[in-house]
Amino acid sequence: MMKIPPYLKKGDLIGITCSSSKMELAAAEYAAGVISSWGYQVHLGITVGTSFHNFSAPDELRLEELQSMLDDPEIKAIVFGRGGYGMICLLDKLDFTRFRKHPKWLCGYSDITTLHTHVQHRYGIATLHSLMCSGITEATAENVYVDSLHQALRGKAYKYAAAPHELNRPGEASGVLVGGNLSLLANLSGTRSQIDTKGKILLLEDISEYRYNVDRMMYNLKRAGWLDKLAGLVVGAFVDGKETTTPFGQNEFEIIQNIVKDYKYPVCYDFPSGHQVENYALRLGVKHQLKVGAKGSTLYTAK
C-alpha cells in the first residue's frame, strides 16, 4: 500500500526549490504569490533565481536545499520551480529517512519524474505529477490546470476528461497511476529506481524528442517488461517532436500505438498532461479509474 502524504490546510508552508535547471526570480515570485493567494505560506529557496551554467546552482547547493526541505517538518509540500535537467545528479545522495517518517507532497513533472519514480518504488510514497512554478504565469494563473494543483493539494477528488482520439483503444481499467516523462522513465529502466508497472495505469508524455528516439524508448520499455501487464495506458502530450533529414514516417501517437497494438488493455491518447498549458495535477501512487469509450476518456481518483 502506498503511503499518502497529508493534504494541506490553510496556513501550511510550501517550499519552492529549483533542483534542476535555473528559473528567473521574477517568474518564481509571481508563482509564489499565486500559491500564497490559496492560503498557504511560501518559502522561496536560495536556488530560485540563481544560475550555474544550465543548472540553478552547483550540485552541492541544490542537494543541500532539497535535503533541507525534505527534512523540515514545517514544510508540508515542495513545488519545484521547473524541470530541465539535474535531479539524477542528486538522487543517490539524498537521505529519505526523515521524509519517510513525515512524507510531504512533491509536486512537478518532466525532470521531476526521476524523483517521483524513485520515491514511489523505493519508499511507497505517493507524489504529485503537476505543473511547477514555471507553469503559473499571468496568462495561466486562473485556469483549471493551475487550479487542479490547488485542489490536489487540498485532497479533493477529481475526474478529468480527454476528447475522443482515433487511436484510442476502448475499455475500463482500475489501478495505481504511475509514470511521467518517457525519456526519464526509459533512462531509469534497469536501475534501482525503476517502477513496477504490473497492474498499474501508466502515464507517458514528452517534449522535443526525435521521433525515431521515441520509437527506441518505447521498444526499451517493451523489452524491459514495462508494458506487458499494465491495467491501462494514458498517453499525454508529445510536443515539439523532431525529425531527421529523412522523416520517420509516424508521429508519436502512431509510434506508441504500433508498440502496444498486441496488448488488450485500454489506451487513451492526447490526455491533458505534459509540456503544455493543458496539464492536470495527477496523484501518482494513488488508485485511479480509466474509462476509454467512443465519446472520449475519463481518468479519475478511485473511491
Side-chain angles (χ1 to χ4, degrees), residues 1-10 12 14 35 38-40 76-79 103-109 112-113 115-117 119-121 123-132 135 143-165 168-181 185 195-205 229-237 265-274 276 278-293 295-303:
M1 293 291 294
M2 282 280 178
K3 189 170 186 178
I4 310 299
Y7 294 111
L8 272 63
K9 314 182 296 292
K10 283 193 174 182
D12 280 345
I14 294 177
I35 295 171
W38 300 341
Y40 303 125
K76 306 302 182 183
I78 299 173
V79 178
K104 61 195 69 179
W105 288 102
L106 306 176
C107 311
Y109 75 109
I112 312 304
T113 296
L115 184 60
H116 288 320
T117 56
V119 165
Q120 289 154 37
H121 176 66
Y123 308 119
I125 297 172
T127 63
L128 195 59
H129 186 278
S130 71
L131 53 78
M132 298 169 280
N143 73 20
V144 296
Y145 307 103
V146 172
D147 187 59
S148 74
L149 171 59
H150 179 200
Q151 301 306 328
L153 287 170
R154 292 177 55 210
K156 186 176 180 180
Y158 54 75
K159 186 174 184 177
Y160 300 138
H165 193 280
N168 279 357
R169 184 159 61 215
E172 297 186 14
S174 176
V176 169
L177 184 67
V178 298
N181 185 264
L185 295 172
I195 48 177
D196 177 10
T197 57
K198 183 179 179 181
K200 308 293 199 314
I201 298 173
L202 178 63
L203 169 70
L204 298 175
E205 62 82 27
K229 297 181 180 179
L230 291 179
L233 178 63
V234 176
V235 182
Y265 45 74
V267 183
C268 162
Y269 290 89
D270 207 17
F271 185 82
S273 178
Q276 57 181 11
E278 299 80 9
N279 186 18
Y280 281 121
L282 297 166
R283 296 186 188 108
L284 299 177
V286 173
K287 191 173 182 180
H288 284 66
Q289 302 283 345
L290 172 66
K291 293 186 178 181
V292 183
K295 296 183 179 181
S297 305
T298 54
L299 180 68
Y300 55 99
T301 45
K303 295 181 180 179

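Side chains are part of it too, since the values below use all heavy atoms of this structure and drop only hydrogens, waters and symmetry mates.
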Search all heavy atoms of [X] against all heavy atoms of [Y] and return the closest pair with its distance.
{"X": "P272", "Y": "Y145", "result": "CB-CE2, 4.3 Å"}
{"X": "P6", "Y": "P103", "result": "CD-O, 3.4 Å"}
{"X": "G232", "Y": "L290", "result": "CA-CD2, 4.3 Å"}
{"X": "C107", "Y": "L153", "result": "SG-CD2, 3.8 Å"}
{"X": "A173", "Y": "P266", "result": "CB-CG, 3.8 Å"}
{"X": "P170", "Y": "N168", "result": "CD-O, 3.8 Å"}

Are the side chains of [Y] and [X] in contact, using a 4.5 Å heavy-atom criterion?
{"X": "L284", "Y": "V178", "answer": "no"}
{"X": "Y265", "Y": "L233", "answer": "yes"}
{"X": "Y7", "Y": "R154", "answer": "no"}
{"X": "W105", "Y": "I125", "answer": "no"}
{"X": "T113", "Y": "L185", "answer": "yes"}
{"X": "K76", "Y": "Y40", "answer": "no"}
{"X": "R283", "Y": "Y158", "answer": "yes"}

Plane angle bin for W38 and H150 - parallel if under 30°, tilted between 30 and 60°, otherwise perpendicular: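 The rings of H150 and W38 lie parallel, inter-plane angle below 30°.
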Mind checking the [atom1]-[atom2] spacing from [X] to [Y]? Nearest 0.5 Å is all I need.
{"X": "N279", "Y": "E205", "atom1": "CG", "atom2": "CD", "result": "7.5 Å"}
{"X": "M2", "Y": "Y123", "atom1": "CE", "atom2": "OH", "result": "13.0 Å"}
{"X": "D196", "Y": "T117", "atom1": "CG", "atom2": "OG1", "result": "12.5 Å"}
{"X": "D12", "Y": "K104", "atom1": "CG", "atom2": "NZ", "result": "11.0 Å"}
{"X": "E278", "Y": "D270", "atom1": "CD", "atom2": "CG", "result": "9.0 Å"}
{"X": "L177", "Y": "Q120", "atom1": "CG", "atom2": "CD", "result": "8.5 Å"}

Residue from H288, Q289, E172, K291 passing side-chain contact (heavy atoms from CB on, under 4.5 Å) with T298: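 Among H288, Q289, E172, K291, the one meeting side-chain contact (heavy atoms from CB on, under 4.5 Å) with T298 is K291.
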Option among L128, L299, T127, V234 that satisfies the side-chain contact (heavy atoms from CB on, under 4.5 Å) test with L282: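 Looking at L128, L299, T127, V234, the match for L282 under the side-chain contact (heavy atoms from CB on, under 4.5 Å) is L299.
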Side chain to side chain contact (heavy atoms under 4.5 Å, CB included) assessment of V146 paired with L131: CA-CA 7 Å; V146 172; L131 53 78; 3.8 Å; yes
Ring centres under 6.0 angstrom apart (H165, F271): no
Check: A281 main-chain N/O paired with S148 side-chain donor or acceptor under 3.5 Å: yes
Flag, side chain of H116 to backbone of G285, donor-acceptor distance under 3.5 Å: no
